[in-house]
Chemist: 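A single structure is presented below for examination.
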Amino acid sequence: MTTIKEALDNESLTGSTVTVAGWVRTFRNDRFIALNDGSTIRNLQCVIDQEQVDAATRARFNTSASVRCTGELIASQGSGQRVEMKVTAVEVLGDSPADKYPIQPKKHSLEFLREHAHLRFRTNTYSAIFRIRHQVSFGIHEYFDRHGYNYFHAPIITASDAEGAGEMFRVSTLDAKQPPLNEAGDVDFNEDFFGTESHLTVSGQLQAETAALALGKVYTFGPTFRAENSNTTRHLAEFWMVEPEAAFMDLHGDMDLAEGLCKHLIARVLKNSMDDLQFLDARVKEEEAQKPQAQRSEMGLIERLQFVLENPFERITYDEAITILLRSKPYQKKQFQFPVEWGVDLQSEHERYLVEKHFKKPVIVTGYPAQIKAFYMRTNAPGDFGYSDKGKTVAAMDVLFPGIGEIIGGSQREERLDVLEARMDEMGVPKEELWWYLDTRKFGTVPHAGFGLGLERFVLFVTGMGNIRDVIPFPRTPGSAEF
RNA sequence: UCCCUGGUAGCUCAGCUGGUUAGAGCACCUGACUGUUAAUCAGGGGGUCGCUGGUUCAAGUCCAGCCCGGGGAGCCA
């Protein structure tokens, strides 16, 4: 069997007889089957001889019926394609009743297709997205492998709820109706499967740190769970996260790694997925044309990817970001909804201004105020990068992308035991639970750093899609876990 | 969770200040078609107007509550 990609691209196959199998996209003029097998966004035109294929069989070439065709690949007589198949044998493997099949050969809304998530892979848009998602995923492994990182499998289930990255899903085998109670009348998790209350992971970072302080360089890549009631176009309850962690790396190295990874992935997609990108590019352009002039982006999808690939990310400190925002037109005209002042977190509107209006390219912001960041981030001292005389800062870095906002959050980690413990006390993080984490600082601690990259947010950027639910096969969001 | 917005045929949508039998395009069904590119042409069928209650002689249209979708915000990746 030959894939349609091979049949179309491998010119040496022209003139030979091959067999292909796939799903019918359209059947035109009682003669032309546009066949797609997922190997490429392009279809193979299979031309049948009406004297060889009876009317009853021809009536079965409905949209999405599965068909196997054998025939000679010849130069196309029509103008829409280079080669086509002159079919000598055709077999319907699975019928697709046209009056029942919900996906029509026409433009559907993404909302409608989301409700048919199991069939949406059969559309051009989603097949393109998921081929690109594969390129990004594979590229992640490729990049880290080339840079000496070990793929590290952090646990999915964790007994610690001190990771500080949001609400967690509880994992339990206790009877939900009548859980065992302790003397105080609370649920007795000693009776639970793990002998303690346990949850799905919100981050593999803390475990990855322990491995980095032995293997040197590691990265995790797996599903992550947040039980936040977030209803936005860029949040999921189950998503995939990449978390590299490297010993002896400082914040500069962390930024270089993050930028290097992003560019590697973009380059890989540009190299391997051009026909999918061209389809999505046209799709984005069509969508942009619907918007009012002021909201249209200046670049097309492919253009934007090339631009990000070729230009260095802007690197600024939180101090500088605040200064830029205070001088900005929207601030002066009081168009920002949220206040801009040193010490408060940057809001979406502020990030968008910096990335989309001021710099017009990805921006890395470092040196955030300590009070708005996690306990494990390294506290800056005078002379440290990102130190500010306006207040206590940490060696954090957020990578902000146009249209998406935060795509990466990372930091140099606090390697000094006394500083780390003081910080944990200050923020109310239970040290007892994280005794194993603190051990890494007691025995041969070293400076180290890492970050978390949201896979779906990155795929969102690369595909030009607008809703994160469209770049993961079966999205899990509050109130929705179908399929 | 908050704010905005929507729910009418399989899909996308129209239906003005309440008033006969709720419309269109596409899809679907029947027929035609040996070079089509979301093929085309002719004909046909198809509706619990999200749910519940209320106002009214009369509700797709007005009011209330609920459910679901979309956009924005917060939380973050």
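Worth knowing before you read on, the calculation uses all heavy atoms, side chains too, and leaves out hydrogens, waters and symmetry mates. Residue numbering restarts at 1 for every chain, and letters A, B, ... go by the order of the sequence lines.
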Chemist: May I ask you to list the residues of residues 334-342 of chain A, by number, that have any heavy atom positioned under 4.0 Å from an atom of RNA chain B?
Modeler: A:F338
Chemist: So what does A:I407 hit on the nucleic acid, given a heavy-atom distance under 4.0 Å: a base, only sugar-phosphate, or nothing?
Modeler: sugar-phosphate
Chemist: Could you work out the separation of B:G35 and B:U40 based on their P atoms and round it to a whole Å?
Modeler: 16 Å
Chemist: Excluding sequence neighbours, so at least two apart, what forms ring pair (Phe, Tyr, Trp, His ring centres under 6.0 Å) with A:W23?
Modeler: none
Chemist: For A:Y101, check ring pair (Phe, Tyr, Trp, His ring centres under 6.0 Å) against everything at least two apart and list the hits.
Modeler: none
Chemist: Which residue pairs satisfy the salt bridge (Lys or Arg N to Asp or Glu O under 4.0 Å) criterion with at least one member in residues 460-480 of chain A, sequence neighbours excluded?
Modeler: A:R114-A:D470, A:R120-A:D470
Chemist: What string of B, S and - do you get for nucleotides 26-40 of chain B 5' to 3' if you count protein non-hydrogen atoms under 4.0 Å?
Modeler: BSSS---BBBBBBB-
Chemist: Classify every nucleotide of nucleotides 65-72 of chain B by which part a protein heavy atom approaches to under 4.0 Å, writing B for the base, S for the sugar-phosphate alone and - for neither, in 5'-to-3' order.
Modeler: ----SSSB
Chemist: By ring pair (Phe, Tyr, Trp, His ring centres under 6.0 Å), which residues pair with A:Y149, not counting sequence neighbours?
Modeler: A:F144
Chemist: Among pairs that include at least one residue of residues 448-457 of chain A, which meet salt bridge (Lys or Arg N to Asp or Glu O under 4.0 Å), considering only residues two or more places apart or in two chains?
Modeler: A:R133-A:E456
Chemist: Name all residues meeting the ring pair (Phe, Tyr, Trp, His ring centres under 6.0 Å) criterion together with A:H108; count only those two or more places apart in sequence or in a different chain, and write none if there are none.
Modeler: A:F112
Chemist: List, with names and distances, any nitrogen or oxygen atoms from the protein found under 3.5 Å away from nitrogen or oxygen atoms belonging to nucleotides 43-47 of chain B.
Modeler:
none

Chemist: Test of understanding: with side chain to side chain donor-acceptor pair (under 3.5 Å), list the residues that count as partners of A:K217, not counting sequence neighbours.
Modeler: none
Chemist: Which residues satisfy the salt bridge (Lys or Arg N to Asp or Glu O under 4.0 Å) test with A:D254, sequence neighbours excluded?
Modeler: none
